[in-house]
Number of protein chains: 2
Amino acid sequence: MTGLRQAQKERTRQALLDAALRLLEHQSLSTLGIREVTREVGMAPAAFYRHFGDIEELGVALVEQSFESLRFAFDDLGVAQADSDLLMRQAVDVLAGHVRRHAAHFRFLARERYGGLAVVRRAIHEQLRWFADRLSGELAARPGMERWDPGDVRMLAELIVNHLISAATAILEAEQDPPSEQRAVYTAYLQLRLISVGRSHWTDQPQSDRSL
Amino acid sequence: MTGLRQAQKERTRQALLDAALRLLEHQSLSTLGIREVTREVGMAPAAFYRHFGDIEELGVALVEQSFESLRFAFDDLGVAQADSDLLMRQAVDVLAGHVRRHAAHFRFLARERYGGLAVVRRAIHEQLRWFADRLSGELAARPGMERWDPGDVRMLAELIVNHLISAATAILEAEQDPPSEQRAVYTAYLQLRLISVGRSHWTDQPQSDRSL
DNA sequence: TGTACATCAGTGAACGCGCGTTCACTGATGTAC
DNA sequence: TGTACATCAGTGAACGCGCGTTCACTGATGTAC
């Protein structure tokens, strides 16, 4: 019976990733040590090299795991949903729930998005572009968007993704304090709604002065 | 004649800050070493302690210097400007110019905003709140905003500040490639305009379905 | 099923290295008279 | 203006420490027959 050894190896690898994520709650990847991670798991430092070449490699694996569940979460959104207000509430709620359940993953991504390790930064960037691409496609297919310039659709998709990132970090910062967390969620919803209002009145040319 | 010694000390302190900023181009503050900074300046490691207690303290000083010029830059914006489209163009241009001239400062702030050092994170957060407060006040005073709920004004101000941060980092990432940098600036302008359109059609209650 | 050999995840000791921090010092600048 | 003493920014040597990485190893798992 083969695979027993392989299964054990996989479990150890996951233990290393989990330990790293735990340690990354209060520090960034570039200060995380090989000895530190193996100590947290309870194994010899040299064993680390059976799973990763260095800490950067572990970091990239952690990026992938962090995004994995997020991708599925947004599949549940009824994007075909006709009512836009309900959809936005749901989007913000899905995000908030995910931030709560996977706080450590989000904290890691926020920290490393502009962190010191270029490879990890690039991996995160790539995943975010994937989200913007997908959202772009879904927006373009919605009624009322047929005549939009593709560049403008992309612009809108990026605005929304950036907003969701800001919202996620705001919710993260309010952690351990339910009332201010609820406030962050509600603000995020209002802001998404304001973007949607802008979208529904969008014109290619600057509007005549409405005095902002 | 007193002050000669003090002036020299100030110059050394600034040299340490400049050297740190240079080194932070490709790493984060938490991996920056005292020996590394003093080596870059060309002085003995022990001299560091005449100016800062530790690297964190240097980091906080760097946050202050990074925001200092930015505060002045936005004073130049003719906020009393009646035409909103021109104002938005100007805001994005001021930001883009500043990002270009002070790229290292922005990179540092982006990296440390969610970085590993809590004290530095808090210092940045504080400065950003100051910007949101100020923008909130200026928005509330504009024509057409008199009847807005103060909470909604604050919500809008935070949305704009977050958008400007996203825009700044997008411009930063496009550095060294003028065409994609110009694209980033233009996208930032369109997005700000979309937010403004949303603002001018904002209502307290969810709009009836317009199908996003 | 049993045996003999191969694989390989994890061990534990060892290494050289650069780190942060301390300390007594030096010599230019500042002050009192 | 000149002299004697005080201050203090910067020096250079020394320290103990934890780091990443290497290496020969062990023993459980896997494979061939």
Side-chain angles (χ1 to χ4, degrees), chain A residues 1-62 65 112 115-120, chain B residues 1-62 65 112 115-120:
Chain A
M1 183 187 281
T2 175
L4 208 158
R5 193 187 250 170
Q6 192 187 325
Q8 175 54 39
K9 184 175 186 185
E10 185 51 48
R11 248 180 290 136
T12 305
R13 187 188 136 100
Q14 193 56 51
L16 284 167
L17 287 164
D18 292 345
L21 194 63
R22 233 175 295 132
L23 293 165
L24 287 168
E25 199 89 12
H26 296 108
Q27 62 184 310
S28 58
L29 193 62
S30 39
T31 64
L32 192 67
I34 286 175
R35 293 185 103 100
E36 200 181 353
V37 178
T38 52
R39 199 186 304 125
E40 173 84 5
V41 175
M43 66 200 291
F48 180 88
Y49 297 100
R50 299 282 179 207
H51 303 275
F52 304 101
D54 52 26
I55 285 284
E56 281 206 11
E57 210 173 305
L58 179 147
V60 172
L62 219 39
Q65 289 208 347
E112 301 306 327
L117 301 178
V119 193
V120 176
Chain B
M1 185 187 282
T2 175
L4 209 158
R5 193 186 253 170
Q6 193 188 325
Q8 175 53 39
K9 184 174 185 185
E10 184 52 47
R11 248 180 291 138
T12 306
R13 187 189 136 99
Q14 192 58 48
L16 284 167
L17 287 164
D18 293 346
L21 194 63
R22 231 174 297 133
L23 293 164
L24 287 168
E25 199 88 11
H26 297 107
Q27 64 184 308
S28 58
L29 192 61
S30 39
T31 64
L32 192 67
I34 286 174
R35 293 184 104 99
E36 201 180 353
V37 177
T38 52
R39 199 186 304 126
E40 173 84 6
V41 174
M43 65 200 292
F48 179 88
Y49 296 100
R50 301 280 179 208
H51 302 276
F52 303 100
D54 52 26
I55 285 285
E56 281 205 11
E57 210 174 304
L58 180 146
V60 172
L62 218 41
Q65 289 207 346
E112 302 306 326
L117 301 178
V119 193
V120 176

message: Please report the distance, rounded to the nearest Å, between CD in Q27(A) and P in dC19(D).
response: 11 Å
- prompt: Hey, which of these two, D54(B) or A47(A), hits DNA chain C nearer its 5' end, going by closest nucleotide?
  reply: A47(A)
field: First encountered from the 5' end of DNA chain C, between A46(B) and L32(B)
entry: L32(B)
query: Separation of Y49(B) atom OH from dT21(C) atom P, in whole Å?
result: 3 Å
task: To the nearest Å, give me how far apart CZ (R13(B)) and P (dA9(D)) are.
output: 13 Å
- prompt: With a 3.5 Å cut-off and no angle check, do the side chains of Q8(B) and R5(B) form a donor-acceptor pair?
  reply: no
message: What verdict does the side-chain contact (heavy atoms from CB on, under 4.5 Å) test give for V37(B) and I55(B), after you've listed the backbone C-alpha separation in whole Å, the side-chain angles of each residue and the deciding distance to 0.1 Å?
response: CA-CA 9 Å; V37(B) 177; I55(B) 285 285; 4.3 Å; yes
query: Closest heavy-atom contact between T38(A) and P45(A)?
result: OG1-CA, 3.5 Å
Spacing of E10(B) atom CD relative to dA9(D) atom P, expressed in whole Å: 12 Å
query: Want to settle it: does Q8(B) or G53(A) sit nearer the 5' end of DNA chain D, counting the closest nucleotide to each?
result: Q8(B)
task: Write down the distance between CG (L58(B)) and C1' (dG20(C)), rounded to a whole number of angstrom.
output: 15 Å
field: Side-chain (E112(A)) to main-chain (L29(A)) donor-acceptor, under 3.5 angstrom
entry: yes
field: Closest contact, heavy atoms only, A20(B) versus L32(B)
entry: CB-CD2, 3.9 Å
field: Full working for side-chain contact (heavy atoms from CB on, under 4.5 Å) between F52(A) and L17(A)
entry: CA-CA 10 Å; F52(A) 304 101; L17(A) 287 164; 4.1 Å; yes
- prompt: Do H51(B) and K9(B) come close enough that some side-chain heavy atom pair is under 4.5 Å?
  reply: yes
statement: Protein heavy-atom contacts under 4.0 Å, written 5' to 3' over nucleotides 2-8 of chain C as B (base), S (sugar-phosphate only) or - (none), form the string -----BB
Verdict with reasoning, Y49(A) to I34(A), per side-chain contact (heavy atoms from CB on, under 4.5 Å): CA-CA 9 Å; Y49(A) 297 100; I34(A) 286 175; 3.5 Å; yes
D54(B) to E57(B) - nearest heavy-atom pair and separation: OD1-N, 3.0 Å
query: Is there a side-chain contact between M43(B) and F48(B) (heavy atoms, below 4.5 Å)?
result: no
Distance below 4.0 Å between T12(B) side-chain N/O and dA9(D) OP1 or OP2: no
query: In whole angstrom, what separates L4(A)'s CG from dA28(D)'s C1'?
result: 10 Å
- prompt: Between the base of dG20(C) and the side chain of R35(B), is there a donor-acceptor distance below 3.5 Å?
  reply: yes
- request: Under 3.5 Å for both distances, Watson-Crick or G-U wobble, that's the pair rule; now give the dot-bracket for DNA chain D, with | marking pairs to another strand and [ ] for crossing ones.
  value: .||||||||||||||||||||||||||||||||
query: Could you give the CD-to-P distance, from E36(A) to dG20(D), as a whole number of Å?
result: 8 Å
task: Please determine, for the side chain of R39(A), which listed nucleotide (dG20(C), dT11(D), dC19(D)) has the closest atom?
output: dC19(D)
- prompt: What is the nucleic acid contact for F48(B), judged by heavy atoms within less than 4.0 Å: base, sugar-phosphate only, or nothing?
  reply: nothing
query: Q6(A) has an atom CD; how far is it from atom C1' of dG10(C), in whole Å?
result: 17 Å
